[in-house]
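Taking it in order: structure first as structure tokens, then the write-up.
Keep in mind that the numbers below use all heavy atoms, side chains included, and drop hydrogens, waters and symmetry copies.
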Amino acid sequence: MTVDYSLYLVTDSTMIPSTSTFLKQVEDAVNNGATLVQLREKEISTLDFIERAKQVHKLTKPKNVPLIINDRVDVALAVDAEGVHVGQDDMPATLVRKLIGPNKILGVTCSNPNEVRQVVREGVADYVGLGTTFATNTKKDVKTPDGVGPIGIRKQMHELSKDIRCVAIGGINHSNANRVVHQCRVGDRSLDGIAVVSCIMASEDAAKATRTLRAELDHTPEWAVVRSFDKRIPNHAVVKNMTSQHPLVHHITNNVVKNFSANVTLAIGASPIMSELPEEFEEFASAIPNIGLVVNLGTPNAELMKVFSKALTVYNKYNKPIVFDPVACGASRARLESCRKLLNQGVVSVIKGNVGEIMSIWKLTPFYQEDVDTGESHMRGVDSISNAKDAEVLEKGVQVATTFGCTVVITGKINYIIGSDKRSVQVAGGDALMGSITGTGCSLGSTIAAFLAAESASPIVGGDILKATEIAVRLYNRAGAEAGKLSKSPGSFMISFLDQLSEVSQNPEEKV
Ligand code: 3NM
């Protein structure tokens with residue numbers, strides 16, 4: 001039997017709005033796109049459970065929607081339901097399979113990669129419910145109450161075998177269903193569906209709630225579409241497209257580089273705005289077509305994390321580009337956790353960092369196993385020290401790009417630019433003196449954001465983020481190389497660098 005797991009309703013009779021009934025909610029759901037129903041009753045007598053299961057089965061069976069009984073094998077057998085779902089503390093899956101036979105559907109709840117590995121080893125389950133995706137009020141005894149986010153779900157998916165289907169559960173609703181489906185991908189494997197309780201069961205209009213979820217599932221967001229560059233367009237035309245638009249670069253950046261980043265943004269012909277006032281983010285992102293955001297983790301604090309978080313949500317809502325600079329994210333656990341939170345909460349267009357930073361972000365991909373830390377890269381302050389070989393760096397960069405569905409820039413003597421579709425380019429250039437003044441790394445983020453903002457408002461390379469980023473990096477490094485010819489000490493280099501950024505941006509022919 002092929003089962004459609006795409007929109008999996010898990011019931012809860014304790015949250016029905018006063019204007020409806022339990023059965024009406026379930027009926028509205030199966031009539032409007034729910035593809036599977038799990039009857040989950042915690043405080044109910046066996047007799048009532050069986051009665052309720054029969055009533056629900058009457059609604060689901062004519063629609064060919066499988067009915068899965070939570071936990072109670074006896075009830076499932078009594079009503080000849082299509083399947084059983086068990087949690088980690090319920091009857092072991094191997095035993096359930098013996099009781100229900102080979103043909104019924106068997107699902108198991110998992111909360112971490114180890115539990116998934118166990119399910120794979122046992123080989124008796126048809127699907128797993130992976131959680132807890134986001135914090136939820138519906139189930140109190142979950143193992144990960146803050147939610148593991150798409151990062152955690154991907155780590156669980158990574159352990160799955162091909163023959164076991166998977167749905168994500170926990171805190172999934174209209175605001176995040178689409179993102180969950182598109183973010184929870186590992187290689188060519190995607191979620192088979194999402195499971196929800198309150199989004200439908202507690203809704204005043206369960207039919208509409210289900211239809212809206214259905215539409216969210218079926219819609220491909222703009223950020224998930226990879227666009228590939230038309231090669232006939234010369235690099236200087238991409239620069240001219242940027243300078244002629246004067247894009248706005250909204251910085252939420254660190255205290256050390258604010259002034260320099262603003263000057264770099266002006267030098268390339270864009271406009272900086274430094275705002276940490278969440279109340280105005282909506283106005284910026286909704287009203288200004290050629291705006292891009294820089295989220296720079298350089299000098300974090302608890303208040304700023306809330307500001308980042310708000311900015312990410314708002315810029316995602318309006319599909320505006322975001323450059324994420326995880327400065328020194330390997331310096332402490334807390335910093336990497338901050339990155340985890342942000343990358344769980346939204347999508348970014350570009351992650352830019354040095355080798356150490358990108359190797360730390362790599363730890364958030366499913367390819368990193370928590371217990372096998374080889375310690376190849378580590379951080380000292382914000383400078384990166386790495387003995388990871390180039391090929392390995394590139395490979396891990398590709399894994400970051402594909403995992404987060406974004407373009408990755410790894411800065412260094414050679415800059416690697418890697419697309420979420422695994423294309424990669426290398427850009428050399430720059431000057432050693434770029435490492436002697438503060439802000440040259442961070443302001444590359446500003447430059448990239450300016451190019452992405454211009455590209456999103458008026459595409460010249462067909463919305464190809466990799467290409468727009470590459471041109472930004474080329475322009476930046478060319479200016480650095482030119483400045484290095486003119487100045488041999490840090491102070492004068494800084495001035496020359498700004499001059500050359502302006503010069504190269506205004507006259508990009510032959511230079512970029
Ligand atoms: N299992 P809602 S979370 C039934 O993490 C259940 O395994 C979870 O409810 C898990 O969609 C959960 O209302 C409740 O957030 C999900």
Tightest non-hydrogen contact, residues Ile322 and Val347, listed as CD1-O, 3.7 Å

Arg423 and Asp464 ion-paired at < 4.0 Å = yes

Taking every heavy atom of Ala328 against every heavy atom of Glu357, the minimum-distance pair comes out as N-OE2, 2.9 Å

**OP:** May I ask you to test the Val108-Asp90 pair for a side-chain heavy-atom distance under 4.5 Å?
**Re:** no

Classify the angle between the aromatic ring planes of Tyr5 and Tyr127 as parallel (below 30°), tilted (30 to 60°) or perpendicular (above 60°).
-> tilted

query = Should the pair Lys341-Glu337 be classified as a salt bridge under the 4.0 Å nitrogen-to-oxygen rule?
reply = no

What orientation do His250 and Tyr315 show, parallel under 30°, tilted 30 to 60°, or perpendicular over 60°?
-> tilted

Applied to residues 164-177, the side chain to side chain donor-acceptor pair (under 3.5 Å) test, sequence neighbours excluded, yields Arg165-Asp192, Asn173-Ser175

* Asked: Are Phe451 and Val238 side-chain neighbours, meaning at least one heavy-atom pair lies under 4.5 Å?
  -> yes

Contacts satisfying side chain to side chain donor-acceptor pair (under 3.5 Å) that involve residues 398-410 (not counting sequence neighbours) are Trp362-Gln399

Assess whether atom NZ of Lys143 is packed by more than 12 heavy atoms of other residues, nucleotides or ligands within 6.0 Å. yes

* To do: Might you confirm whether atom CG of Asp89 has over 12 heavy atoms from other residues, nucleotides or ligands at distances under 6.0 Å?
  => no

Nearest heavy-atom contact between Ile288 and Lys320 is O-NZ, 3.0 Å

- Message: Could you tell me if Gln345 and Ser309 have a donor-acceptor pair between their side chains, going purely by distance under 3.5 Å?
- Response: yes

Answer with yes or no after comparing the ring centroid distance for Phe404 and Phe324 against a 6.0 Å cut-off, counting only values under it. no

- Query: Does a salt bridge link Lys162 with Asp188, judged by any charged N lying under 4.0 Å from a carboxylate O?
  - Reply: no

NZ/Lys140: more than 12 non-hydrogen atoms of other groups inside 6.0 Å: yes

Looking at Glu282 and Lys317, is there a salt bridge between them, counting it only when a charged N and a carboxylate O are closer than 4.0 Å?
yes

Taking every heavy atom of Gly439 against every heavy atom of Val257, the minimum-distance pair comes out as CA-CG1, 3.4 Å

- Task: State, with a plain yes or no, whether a side-chain heavy atom of Arg154 is found less than 4.5 Å away from one of Arg189.
- Result: no

Take Arg227 and Glu222 through the salt bridge (charged side-chain N to carboxylate O under 4.0 Å, His left out) test and state the conclusion after the steps.
CA-CA 10 Å; Arg227 302 190 192 278; Glu222 183 60 23; 2.8 Å; yes

- Query: So with a 6.0 Å cut-off around CG of Asn301, is the heavy-atom count from everything else above 12?
  - Reply: yes

_Walk me through whether Glu276 and Lys258 qualify under salt bridge (charged side-chain N to carboxylate O under 4.0 Å, His left out)._
CA-CA 12 Å; Glu276 293 166 17; Lys258 279 179 179 155; 3.1 Å; yes

Side chain to side chain contact (heavy atoms under 4.5 Å, CB included) test vs Ile252 passes for just one of Val294, Asn296, Leu293, namely Leu293

Quick one: does any side-chain atom of Gln38 pair with a main-chain N or O of Tyr8 as donor and acceptor, under 3.5 Å? no

